[in-house]
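The block underneath contains the structure these notes are about, expressed in structure tokens.
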Amino acid sequence: MEEGRLSAERIASLYLERIEATNRRGPTLRAVIETDPDALANARRLDEERRAGRVRGPLHGVPVLLKDNICTHDRTTTTAGSLALEGVVAPRDAYLVAKLREAGAVLLGKANLSEWANFRSNNSSSGWSARGGQCRNPYALDRNPCGSSSGSGVAASANLAAFAIGTETNGSIVCPASATGIVGLKPTVGLVSRSGIVPIAHSQDTAGPMTRSVADAAMVLAAIAGVDPEDPATSAAVSHLTADYTQHLRPGGARGTRVGVGREFLGFDSRVDELFESALEALRDAGAELVDPAPITTRREMSGPSFQVLLYEFKADLDAFLASLGEASPVRSLADVIAFNEAHRDREMPYFGQELLLQAQEKGTLDEAEYQKALADALRLSRADGIDATMDLHRLDAIVAPTGGPAWLIDLVNGDSFSGGSSSPAAIAGYPNITVPMGFVRSLPVGISFFGRAWSEPLLLRIAYAFEQATRHRRPPGLAASVDVEMGPPV
């Protein structure tokens, strides 16, 4: 666009053509639920601005796809993948969407997701929603893309948009990023506003960039971060905002850093362990000082209290969100959603149920002692006695661990087959976590995670970028039918 070789309108048109080709024809990814009919007109207006000498920033005219739990007040709907919200147009943009529009990004449409951000059933298949169907991994179409930001990960990986936005409560950005061979950044809770996003739990929810490079993630983070009066958690971000996160990126950025090795997250797959050992060597070669091991001793204790927090907050937060939609929404509470699913079992529950919704509905208010204790325990075990304790003891700048294992086969009978992962401590603490491609198990990508203290995004981006530039593991997916079929040409 700077050179005048392509316009924003032409770029958006090419992406929309690619979405059509991979969503409805040929190798069907089912990564996109709907596209914005005004996308080309919006891109055209941004081209006019560029010709007039007004360039809003690095995202001017750059196309993005949004996870379908992020509100947009345009001609696209926001449904969290559920038929209960089919046709619902949000009364206004989410705060981060307004920030993206302000930055000049072109919103192409909504990406598929695990319905209700995967907080519905213990036997769910990640990437399945009643509206979008089963999203597929672009490296092997019979494999799962993980979730819940499944479509966002696939869209960035298979080049259906220049970048995508996902959301995470626990693993929902970093797991699909790892499984689809891209960079996923889960920011500190409060760095990016959650207002206008269909919630699970305000203690852990956040949105973040899903991109094909660390530099892109840094650019997108700068655009969406900000203080929003409607999200109290963002008030703490005021002294941590950075106008340009790319200033922290340099190939030798790992030199002199102390990185703790999370060996307690190994052992679920010997092939992942082997890749991780090679990654540690690459970090040493890049100048990082490794503290090995540097365990988070409370990692197994924190999940129980966190799950109770999610049940309580899901009920309270979803009820408040649905009520805020007013007349636009046919369902006004979690109880209404449960009733809708029961009334439409053939379309909403053909493969798995809604037991998590039922468990959440049984919970009381956030004033209850059980909730207050669970919240205090979850935060203590993940923060003061968890990540902070480990980093204080070993004087660390970051902790490194495998993000997860290779993608599993899609299974609509038994659900997901997670092999292992490292997302929980940072997710429960509300601390930042970034995953970068670490290599391949056969033709399936796996990632490596760098996480640390609250508000440490600049340092984590710096280390992740140094690792990325030293290793350059990412290669584009070939949309193969399975790992037993030769990958096609790069896309």
Ion pair R271/E274, N-O distance below 4.0 Å
no

F265 six-ring centre to R299 NZ/CZ under 6.0 Å and within 45° of normal
yes

With S193 as partner, the option from T234, T206, D228 fulfilling side-chain hydrogen bond (donor to acceptor under 3.5 Å, both in side chains) is D228

Any non-hydrogen side-chain atom of F276 less than 4.5 Å from a side-chain atom of V400?
yes

Please step through salt bridge (Lys or Arg N to Asp or Glu O under 4.0 Å) for the pair D216 and R212, ending with a clear verdict.
CA-CA 7 Å; D216 284 356; R212 291 188 288 278; 5.8 Å; no

Side chain proximity check, Y139 to P445, heavy atoms < 4.5 angstrom
yes

Where do Y431 and W455 land on the ring-ring contact (aromatic ring centres under 6.0 Å, His included) test, with the steps shown first?
CA-CA 7 Å; Y431 288 0; W455 317 113; 9.2 Å; no

The test is side-chain hydrogen bond (donor to acceptor under 3.5 Å, both in side chains); show your working for K110 and T72 and say whether it passes.
CA-CA 9 Å; K110 296 296 180 66; T72 51; 3.0 Å; yes

Student check: side-chain heavy atoms of L141 and L29 closer than 4.5 Å:
yes

Whether the S126 and D416 side chains hold a donor-acceptor pair (N or O, under 3.5 Å, no angle test) is what I'd like checked.
yes

Side chains of D269 and S419, donor plus acceptor under 3.5 Å:
no

Under 4.5 Å between any side-chain heavy atoms of L310 and T169, yes or no?
yes

Using a 6.0 Å distance limit plus a 45 degree cone around the ring axis, check whether R462 lies over the aromatic ring of F450.
no

Between E277 and R263, is the salt bridge (Lys or Arg N to Asp or Glu O under 4.0 Å) condition met? List the steps.
CA-CA 10 Å; E277 295 300 336; R263 286 204 172 271; 2.7 Å; yes

Can a donor-acceptor pair be found between the side chains of E313 and S203 at a distance below 3.5 Å?
yes

Please report the C-alpha distance between N69 and T167 in whole Å, then the side-chain angles of each, then the deciding distance to 0.1 Å, and finally whether the side-chain hydrogen bond (donor to acceptor under 3.5 Å, both in side chains) criterion is met.
CA-CA 8 Å; N69 61 348; T167 67; 3.1 Å; yes

Just wondering, are more than 12 heavy atoms of other shown residues or ligands nearer than 6.0 Å to CZ in R300?
no

Just so I know, are the side chains of E34 and R131 near enough to count as touching, which here means a heavy-atom distance under 4.5 Å?
yes

Which value, rounded to the nearest 0.5 Å, describes the distance between D397 atom CG and L459 atom CG?
5.0 Å

List the steps and the verdict of side chain to side chain contact (heavy atoms under 4.5 Å, CB included) for R453 and M391.
CA-CA 8 Å; R453 302 180 191 275; M391 297 190 75; 3.5 Å; yes

Could you tell me whether the side chain of C71 reaches within less than 4.5 Å of the side chain of I197, counting heavy atoms only?
no

Rounded to the nearest 0.5 Å, what's the gap from CG on L185 to CG on L461? Could you check?
5.5 Å

Do D292 and H394 have side chains that approach each other closer than 4.5 Å (heavy atoms only, starting at C-beta)?
no

Between atom CG of L460 and atom OG1 of T188, what is the distance when rounded to the nearest 0.5 Å?
8.0 Å

Measure up the F314 and W116 rings against each other and bin them: parallel (under 30°), tilted (30 to 60°), perpendicular (over 60°).
perpendicular

Begin with the C-alpha distance, continue with both residues' side-chain angles, and end with the deciding distance and a verdict on side chain to side chain contact (heavy atoms under 4.5 Å, CB included) for V214 and F467.
CA-CA 10 Å; V214 175; F467 175 82; over 6 Å; no

Pick out which of S172, S152, S149 makes a side-chain hydrogen bond (donor to acceptor under 3.5 Å, both in side chains) with K67.
S149

Report the C-alpha separation of D388 and R383 in whole Å, then their side-chain angles, then the decisive distance to 0.1 Å, and conclude whether the salt bridge (Lys or Arg N to Asp or Glu O under 4.0 Å) test is met.
CA-CA 5 Å; D388 293 337; R383 293 179 180 179; over 6 Å; no

Which atom of V259 lies closest to which atom of L396, heavy atoms considered:
C-CD2, 4.0 Å

Give the C-alpha distance, both sets of side-chain angles, the deciding distance and a yes or no for salt bridge (Lys or Arg N to Asp or Glu O under 4.0 Å) between R194 and D317.
CA-CA 11 Å; R194 287 83 53 84; D317 294 353; over 6 Å; no

So Q134 and S125, side-chain hydrogen bond (donor to acceptor under 3.5 Å, both in side chains) or not? Walk me through it.
CA-CA 8 Å; Q134 178 63 58; S125 174; 2.8 Å; yes

Rounded at 0.5 Å granularity, tell me how far CD1 in I463 sits from CZ in R258.
12.0 Å

Does a donor on one side chain sit under 3.5 Å from an acceptor on the other, for S195 and D231?
no

Rounded at 0.5 Å granularity, tell me how far CZ in F119 sits from CG in L356.
5.0 Å

Would you say the side chains of S178 and T403 form a donor-acceptor pair under 3.5 Å?
no

Residues N137 and A407: closest non-hydrogen pair is ND2-CB, 3.5 Å

Validation row: V97, I70 side chains within 4.5 angstrom (heavy atoms)
yes

Is there a side-chain hydrogen bond (donor to acceptor under 3.5 Å, both in side chains) between S121 and N123 once you walk through the steps?
CA-CA 5 Å; S121 172; N123 299 109; 4.5 Å; no

Report the distance from atom CG of N144 to atom OG of S150, rounding to the nearest 0.5 Å.
6.5 Å

